[in-house]
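Here's the structure, in structure tokens; my notes come after.
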Amino acid sequence: MLALVDCNSFYASCEQVFRPDLRGKPIVVLSNNDGCIVARNREVKALGIPGLEPYFKLEPLLKKHNVHVFSSNYELYADLSSRVMDVASSFSPDVEIYSIDELFLSLDGMKCDLNQYAKKIRKTIWRHVRVPVSVGVAPTKTLSKIANHTAKKYLGLKGVCILDNPKKWKSILKKIPISDVWGVGRRLTERLIECGVITASDLAQQSPESMRKLFNINIERTVRELNGEVCIPIEEEAEPRKQIFSTRTFGHRIYDLSELQQSISTYTTRACEKLRKQESLVNVATVFIQTSRFDDLRYLRSKIVRMPYATNDTGLIVNQLNRKVKDLFIKGLPYYKAGVGFIDLSNQYNQQMSLFDNHQPSRRTRLMEVVDSINSKKYGSIQLASNGINQDWKMRRLKRSPSYTTKWNEIPTIK
DNA sequence: TCTGGGGTCCTAGGACCC
DNA sequence: TCTGGGGTCCTAGGACCC
């Protein structure tokens with residue numbers, strides 16, 4: 001058996017941890033740049049306010065209902081997330097942290113009442129971190145997602161749902177629309193409904209082989225998982241990413257090549273940190289700049305860049321990419337977003353060397369290690385001048401709450 | 001004043017070469 | 001009148017997740 005522990009409207013719950021006065025009040029959290037609503041708590045959902053909609057469109061409605069609005073505060077969420085993960089991880093030797101707000105726990109070999117155990121997980125996390133979670137228990141990841149979804153939906157279940165035999169999950173699956181199944185998105189929903197597959201139960205009854213032929217191997221896995229057959233195992237060691245991206249929309253439209261290059265330099269720095277963390281080197285990268293799809297002048301161009309050798313050297317990569325930005329840049333356009341992606345990676349310790357190829361000088365490798373170790377103590381202590389000083393293009397976060405747990409001068413005080 | 005997320009993986013199709 | 005292969009690289013965009 002497998003437990004999926006998932007925080008309830010995580011970002012909104014984080015905003016309440018140090019603001020007990022907001023308990024029971026409606027709260028939304030906005031995406032980067034205060035663009036879209038990305039988290040709504042139960043009270044907001046009850047008002048019928050939709051998620052992933054532009055904030056400026058819903059602002060009047062939110063004001064009318066006295067909804068509390070927060071910019072995203074990733075410093076706070078990341079810190080509270082790691083506390084939730086620490087506490088939850090103490091309940092199983094085998095865990096997989098799946099995203100910032102959810103993790104899978106293997107309960108194999110546990111000789112205990114699953115319902116009692118799930119309740120204890122929930123209660124302990126609340127006591128230690130003051131973040132509410134729901135726990136879904138089932139034999140496969142896909143079913144535990146459904147169990148978790150059910151635990152959240154029916155208040156009477158008190159945040160816990162156990163689907164440990166076919167009889168239990170079969171009756172639940174009939175009530176779950178196909179679009180709520182993990183791995184089934186908007187497009188697949190349309191196509192499945194055309195085939196008469198409306199509920200999760202309908203999908204579970206399809207033959208896995210024919211689903212593979214009609215769609216792809218992932219749907220086959222979903223069908224099998226809905227029947228209790230494990231196809232997607234717990235991965236304790238995160239597989240290294242095959243691609244690494246860092247992209248952002250700007251705080252406002254920018255027109256200036258040097259500002260674009262500052263942003264590319266900053267995003268490349270971030271991508272390089274992810275790259276070194278997973279002990280990879282980049283062979284091929286891509287860089288893009290674009291205008292908004294809502295502006296009259298649509299422009300999106302990207303460029304593939306081959307590195308002279310497999311590298312994790314921020315300085316070298318920034319230099320290579322910023323040269324290409326110059327080629328992509330057209331004067332006079334209102335740029336809205338830019339980004340970099342490392343699309344061909346190899347392992348740092350498993351390089352196929354050639355007698356004549358260049359490779360990264362070892363002093364550069366050591367330099368990167370030193371930079372990372374300095375920045376691990378205080379992020380941003382040391383960075384390239386090419387990132388810019390003022391960074392006027394950076395995103396807006398006008399309604400950000402304090403970083404209560406990660407900045408000395410923002411620690412809450414008790415009067 | 002003006003506002004519209006970010007990340008990973010995958011694939012269709014065009015350009016180019018032989 | 002319309003057709004005629006195979007491989008690689010690159011770009012654009014889609015699908016899904018949170």
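If you're wondering where the values come from, they're calculated on a predicted model, not measured in any experiment. First the proteins, then the strands, lettered A, B, ... as listed; each starts at 1.
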Set of side-chain contact (heavy atoms from CB on, under 4.5 Å) partners for S373(A), sequence neighbours left out: none
Is there side-chain contact between [X] and [Y], with at least one heavy-atom pair below 4.5 Å?
{"X": "L105(A)", "Y": "F91(A)", "result": "yes"}
{"X": "N283(A)", "Y": "M307(A)", "result": "no"}
{"X": "Y117(A)", "Y": "M110(A)", "result": "yes"}

Set out, line by line, the N/O atom pairs under 3.5 Å between protein and nucleotides 15-17 of chain B.
none

Would you classify [X] as touching base, sugar-phosphate or nothing, given that sugar-phosphate means primed atoms plus P, OP1 and OP2, and contacts are heavy atoms under 4.0 Å?
{"X": "Y98(A)", "value": "sugar-phosphate"}
{"X": "D101(A)", "value": "sugar-phosphate"}
{"X": "E59(A)", "value": "nothing"}
{"X": "K303(A)", "value": "sugar-phosphate"}

Whether the side chain of [X] engages the backbone of [Y] through a donor-acceptor N/O pair (distance < 3.5 Å, no angle test) should be reported.
{"X": "R130(A)", "Y": "W126(A)", "answer": "yes"}
{"X": "D202(A)", "Y": "I198(A)", "answer": "yes"}
{"X": "N33(A)", "Y": "T249(A)", "answer": "yes"}
{"X": "N312(A)", "Y": "V282(A)", "answer": "no"}
{"X": "T266(A)", "Y": "Q262(A)", "answer": "yes"}
{"X": "Y336(A)", "Y": "I254(A)", "answer": "no"}

Set of residues satisfying salt bridge (charged side-chain N to carboxylate O under 4.0 Å, His left out) with respect to K141(A), sequence neighbours excluded: E96(A)
Side chain of P54(A) (C-beta onward), nearest among dC18(C), dA12(C), dG4(B):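 It is dG4(B).
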Can you tabulate the close N/O pairs, meaning under 3.5 Å, that link protein atoms to atoms of nucleotides 5-8 of chain B?
unit_1, atom_1, unit_2, atom_2, d
dG5(B), OP1, Y336(A), OH, 2.6
dG5(B), O4', S31(A), OG, 3.0
dG6(B), OP1, T249(A), N, 3.3
dG6(B), OP2, T249(A), N, 3.3
dG6(B), O3', R248(A), NH1, 3.1
dG7(B), OP1, R248(A), NH1, 3.1
dG7(B), OP2, T247(A), N, 2.8
dG7(B), OP2, T247(A), O, 3.0
dG7(B), OP2, T247(A), OG1, 3.0
dT8(B), OP2, F245(A), N, 2.5
dT8(B), OP2, F245(A), O, 3.4

Output the rounded distance in Å from [atom1] ([X]) to [atom2] ([N]).
{"X": "Y74(A)", "N": "dC18(C)", "atom1": "OH", "atom2": "P", "result": "15 Å"}
{"X": "N216(A)", "N": "dG14(C)", "atom1": "CG", "atom2": "C1'", "result": "13 Å"}
{"X": "N283(A)", "N": "dC9(C)", "atom1": "CG", "atom2": "P", "result": "13 Å"}
{"X": "N218(A)", "N": "dC10(B)", "atom1": "CG", "atom2": "P", "result": "9 Å"}
{"X": "L188(A)", "N": "dT11(B)", "atom1": "CG", "atom2": "P", "result": "14 Å"}
{"X": "I304(A)", "N": "dG14(B)", "atom1": "CD1", "atom2": "P", "result": "18 Å"}
{"X": "K57(A)", "N": "dT3(B)", "atom1": "NZ", "atom2": "C1'", "result": "11 Å"}
{"X": "D327(A)", "N": "dT11(C)", "atom1": "CG", "atom2": "P", "result": "11 Å"}

Inter-nucleotide P distance (dG14(B), dT3(C)), Å rounded: 15 Å
R253(A) vs dG4(B): side-chain N/O to OP1/OP2 distance below 4.0 Å: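 Checking R253(A) against dG4(B): at least one side-chain N or O falls below 4.0 Å of OP1 or OP2.
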Under-4.0 Å side-chain N/O to phosphate OP1/OP2 contact, K399(A) with dT3(B): no
Results of ring-ring contact (aromatic ring centres under 6.0 Å, His included) for Y335(A) - residues two or more places apart only: F329(A)
Contiguous Watson-Crick or G-U pair runs (3 or more, under 3.5 Å) in DNA chain C: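 When the pairs of DNA chain C are grouped into runs of at least three, the stems are B:5-18 with C:5-18.
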